[in-house]
Amino acid sequence: MIAFVNGAVAALTPTLAVIEVGGVGMAVHCTPNTIAGLRMGEQARLATSLVVREDSLTLYGFADDDERQVFELLQTASGVGPRVAQAMLGVHSPDALRVAFASGDAKALTAVPGIGPKGAQKLLLELKGKLGAPLGSSGLVGAQRAVASAPAPWTEQLTAALIGLGYASREAEEAVVVVTPQAEAAIAADGSAPVPQLLRAALQSLNRAR
């Protein structure tokens with residue numbers, strides 16, 4: 001297993017980082033939050049999980065070991081593969097997920113693209129207690145800390161991701177304005193803004209403007 005990669009960031013896309021390790025470019029699938037924390041040409045260390053299939057080897061990357069552990073625990077539930085597990089971590093922090101499972105918060109899980117009410121209830125039954133309590137605390141204090149560590153509003157996530165991809169702050173802010181109607185429509189329909197889709201739309205608008 002490849003536990004982590006450490007090297008210069010050679011390339012970035014909305015969902016993928018290429019990290020140069022010993023002259024080899026390692027393609028690592030990441031959430032928009034993780035991508036937003038990377039910068040082209042700078043050193044980065046990502047905790048990783050290697051998913052082996054008959055026809056592929058796919059490396060998933062995370063900001064820290066705790067996030068990777070939660071990613072792997074989520075996949076112990078039936079029907080949860082690496083893409084769904086990564087989508088859950090793209091919407092919620094590890095501690096926010098721990099609070100959701102401990103409190104039976106199905107609404108928090110349905111905020112993840114691809115998880116409906118029935119699927120959320122099934123996950124609550126299968127994973128309750130498996131993720132443990134919020135790190136360093138329990139009860140109300142744990143919930144408060146999890147909320148504090150939850151992902152920033154979609155506008156901040158999107159702006160940070162675009163800047164991480166090399167765009168100027170002004171360009172990032174203009175792209176956010178362009179995709180705001182799409183985000184508001186998604187929030188009205190599903191209760192959350194799909195940051196990966198919004199990031200792709202923002203990049204398309206920036207490419208047209210150049």
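One is the number of the first residue; the rest follow in order along the sequence.
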Name every donor-acceptor pair, under 3.5 Å, that has one atom in a side chain of residues 49-58 and the other anywhere in the protein, sequence neighbours excluded.
from	atom 1	to	atom 2	distance (Å)
Ser49	OG	Glu72	OE2	3.0

Heavy atoms, side chains only, cut-off 4.5 Å: are Leu89 and Leu97 in contact? yes
Please check this pair: side chain of Glu173 against backbone of Ala168, looking for a donor-acceptor N/O pair closer than 3.5 Å. no
What is the distance from atom OG of Ser103 to atom CZ of Arg98, rounded to the nearest 0.5 Å? 13.5 Å
Only pairs at least two apart or in different chains count here, so list each salt bridge (Lys or Arg N to Asp or Glu O under 4.0 Å) that has a residue in residues 174-183. Arg170-Glu174
Grab the two heavy atoms, one from Leu59 and one from Ala27, that are nearest each other, plus how far apart they are. CB-O, 3.7 Å
Shortest non-hydrogen contact between Gln86 and His29, atoms and distance: NE2-O, 3.0 Å
For residues Thr15 and Ile35, determine if any side-chain heavy atom of one lies less than 4.5 Å from a side-chain heavy atom of the other. no
Tell me, do Thr34 and Leu46 make a side-chain contact under 4.5 Å, heavy atoms counted? yes
Is there side-chain contact between Gln69 and Leu73, with heavy atoms separated by less than 4.5 Å? yes
Taking the side chain as C-beta and beyond, is there a heavy-atom pair between Val80 and Leu123 under 4.5 Å? yes
SG (Cys30) and CG (Leu12) are apart, to the nearest 0.5 Å, by 8.5 Å
Least distance between heavy atoms, Thr159 atom then Thr155 atom: OG1-O, 2.8 Å
Side-chain donor/acceptor pairs under 3.5 Å, residues 36-45, sequence neighbours excluded:
from	atom 1	to	atom 2	distance (Å)
Arg39	NH1	Ala36	O	2.7
Gln43	OE1	Ala8	N	3.4

What distance do Ser205 atom OG and Arg200 atom CZ have between them, rounded to the nearest 0.5 Å? 14.0 Å
Are any non-hydrogen side-chain atoms of Leu127 and Thr76 less than 4.5 angstrom apart? yes
List the steps, then state whether side chain to side chain contact (heavy atoms under 4.5 Å, CB included) holds for Phe62 with Val28. CA-CA 9 Å; Phe62 311 92; Val28 187; over 6 Å; no
Any heavy-atom pair between the side chains of Leu125 and Phe101 that's under 4.5 Å? no
Taking atom CE of Met26 and atom CD of Glu20, what is their separation to the nearest 0.5 Å? 12.0 Å
Residue pair Arg83, Tyr60: steps toward the side chain to side chain contact (heavy atoms under 4.5 Å, CB included) verdict: CA-CA 9 Å; Arg83 290 188 179 184; Tyr60 291 85; 4.1 Å; yes
Pairing residues for Leu203 by the side-chain contact (heavy atoms from CB on, under 4.5 Å) criterion, not counting sequence neighbours: Pro14, Leu162, Leu165, Tyr167, Leu199
Within the side chain of Thr31, is there an N or O that forms a donor-acceptor pair under 3.5 Å with the backbone of Gly90? no
Identify every side-chain donor-acceptor pair in residues 105-116 under 3.5 Å, counting partners at least two apart or on other chains, and give the distances.
from	atom 1	to	atom 2	distance (Å)
Asp105	OD1	Lys107	N	3.3
Asp105	OD1	Ala108	N	3.2
Thr110	OG1	Lys107	O	2.9

Which pairs pass salt bridge (Lys or Arg N to Asp or Glu O under 4.0 Å) with one or both residues in residues 113-134, sequence neighbours excluded? Lys122-Glu126
With clusters defined by side-chain heavy atoms of hydrophobic residues (ILVMFWY) lying less than 4.5 Å apart, directly or transitively, does Val9 cluster with Ile2? yes
Report yes or no: does Arg68 contribute a side-chain atom to a donor-acceptor pair with the main-chain N or O of Ala47 at less than 3.5 Å? no
Hydrophobic clusters here meaning ILVMFWY residues chained together by side-chain heavy-atom distances under 4.5 Å, can you tell me if Phe71 and Phe4 are in one? no
